[in-house]
Amino acid sequence: MKLLTHNMLTSHVQGVIKGYPLIIKATEVKVNELEFSAPFVSRMIPKLEWSALIQAAEWLGQSQDLPSTLIPDYEKDEEFLRKVHRILLEVEVVEGCLQCPESGREFPISKGVPNMLLIEDE
Amino acid sequence: MALHCGRACRQYLLHLAHDNVDFRLPEIKALLSLRNRPFDTSETFNEKSPFWQLNGLSEDDIRSVMSRTVCGKSAFELWGHGTTTDELRMSLLEYPAENMAPYLQQNSTYKINVYTFNKTLVFKDSIEKIDALDFLPFKGTVNLKAPEHIFCLLEDYGSDPYEIPEEPFHMYFGRWIADGQRELIRSYSVKKRHFIGNTSMDAGLSFIMANHAKVKADDLVYDPFVGTGSLLVACSRFGAYVCGTDIDYNTIHGVGKASRKNQKWRGPDENIRANLRQYGTESLYVDVMVSDASKTVWRKTAQFDAIVTDPPYGIRESTRRTGSHKDIIKPPEDFSGESHIPVSMAYHLSDIFADLLNFAAHHLVLGGRLIYWLPIYRPEYCEEMVPLHPCLTLISNCEQTLSSHTSRRLITMEKTKEPEESDGLAHLADPRFTPYHGHNSFREKYFFFVFKCNYYFWFFCFFSHSGKV
């Protein structure tokens, strides 16, 4: 699971109000090298919950001097965009789980794939 | 039939392949729309014809369309056309010499092709037709192997293979500009793909879907019924980042029984990510997840540029969702021995589409498109059955016949309005928004029809056999 996805996921356990962001408990993390696209990163940044991204990076020990608030004019800062690219797409949780911050329900991540299925009446 | 004026209003001729005929116009319109160009053609435009004239475009527009289209075979700069050889000649003589000159230079090489639709010409006749064009000021030398410029005489002999006329209905002459992407149909064929399933979309249609969806580089595309990821493969080919979800754990993880004839179990390299790796687009792979499309996992403000999907019809794959149900349906065959689908219940087809449209209304960017297949029981189909939503505008509806009584329709919708609180419940208030309701029994109707056919077949056999005795 990549942090771009994590940033958009929320807990859908019935009755939960504050289900975002899901807590990441990773037992295996991988960092891949992927082709960088400045336009894609620039487009994604406004759609992100920045604080949730920083929080997720911290959970994985991958904060690497990312600023805690978004810098202005980031479109032109290639170094910054590359850092965001790395944290959004290159860092991957291979094994672990996502935990609902309110109910404590855990969603397993196996081979990089989160399983978000709930059982009946959850 | 005069073609006049400068570079800006040249005419172009599109030569289209003769399959997926209903899907061609929406595809070309979508690709022109990516360039902010309207579809502008002649008054005699016939959608069924393989030759389309396009006006008001630049050569760059044409090249851009051809770099994406799988319906278009080739594009030409149109120099002349007519319904008789004389008309064609007059038309060509009227075409400005200064527009022709750059391609007819003395030190250049060229060749002329003849293409006839719905007729086969003997070699001698092709040569005669080329010779008949020698009133054109060709100054260069002919080179059949690697010419700098290619010209084409295209003749339309109509669409009836049993009534082929002596003379063509229409003739066109132009300079070849570019070919379309039909080669992708072969190179992306599912036959060669690492990971396939019963419902993998064939390559041609998946590219058509990506084009209808106006997918472009650096988009983020989502498929909520991703299966084996064939739609994501096509979207990634056009540069989009892709993600998907599916309720089926085994398909997402690439485990369980294989779909190929001589193969029992899936190999280790069979999953969606491996498919993207096969085509060199692994860096565009975002994620896939096991998830129930009826219980969205995305936060309210999560948005995608396009949603491209093929929801289950309930025939080869069952329609399922999680939830409590009195009659527990046995979970599907499970490779690793655990139960991954906690109690499946029937996900009624009408609910699938109501949920899908509602999801799209909330999670598409404004101007983003939803593309999906709608299974249809033909004897009962009417246009009003296509689901609607106040925030989405219907762009196109193209039928692909599956059998005499069933078809599926590729529906394209564009988000034109942000949802308000009331819109989410619109389908409850207005019957117009769930006209598909009767189609819950699509599966029943499909199987009942098959049963009826079998019944009559055996009935007939029995009586004809008895008759012989």
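Remember, it's a predicted structure, so these values are computed and weren't measured experimentally. Each chain gets a letter, A, B and so on, in the order the sequences are listed, and its residues count up from 1.
When heavy atoms are compared at a cutoff of 4.5 Å, A:S11 does not approach chain B at all. In this structure, chain B has a heavy atom under 4.5 Å from the side chain of A:N32, while its backbone stays farther away. Only the side chain of A:E92 has a heavy atom closer than 4.5 Å to any heavy atom of chain B. Proximity to chain B (any heavy atom under 4.5 Å) is shown, for A:L9, by both the backbone and the side chain.
Between B:H212 and B:Y372, the ring center distance fails the sub-6.0 Å criterion. Between B:Y222 and B:F359, the ring centre distance stays below 6.0 Å.
Electrostatic pairing of A:K25 and A:E106 counts as a salt bridge here, judged by a charged N lying under 4.0 Å from a carboxylate O.
Ring geometry for B:W298 versus B:F304: interplanar angle over 60°, hence perpendicular rather than tilted (30 to 60°). Ring-plane geometry between B:Y241 and A:F40 is classed as parallel, the angle between the planes falling under 30 degrees on a 0 to 90 degree scale with a further cut at 60.
Chain B forms more heavy-atom pairs under 4.5 Å with one residue of A:P21, A:G112, A:S110 than with any other, namely A:S110. Among A:K111, A:E49, A:M116, A:R43, the residue making the largest number of heavy-atom pairs under 4.5 Å with chain B is A:R43. Between chain A and the options B:I252, B:T245, B:D219, B:V365, the largest number of non-hydrogen pairs under 4.5 Å is found for B:D219.
Contact check for A:F80 versus A:L70: side-chain heavy atoms found under the 4.5 Å cut-off.
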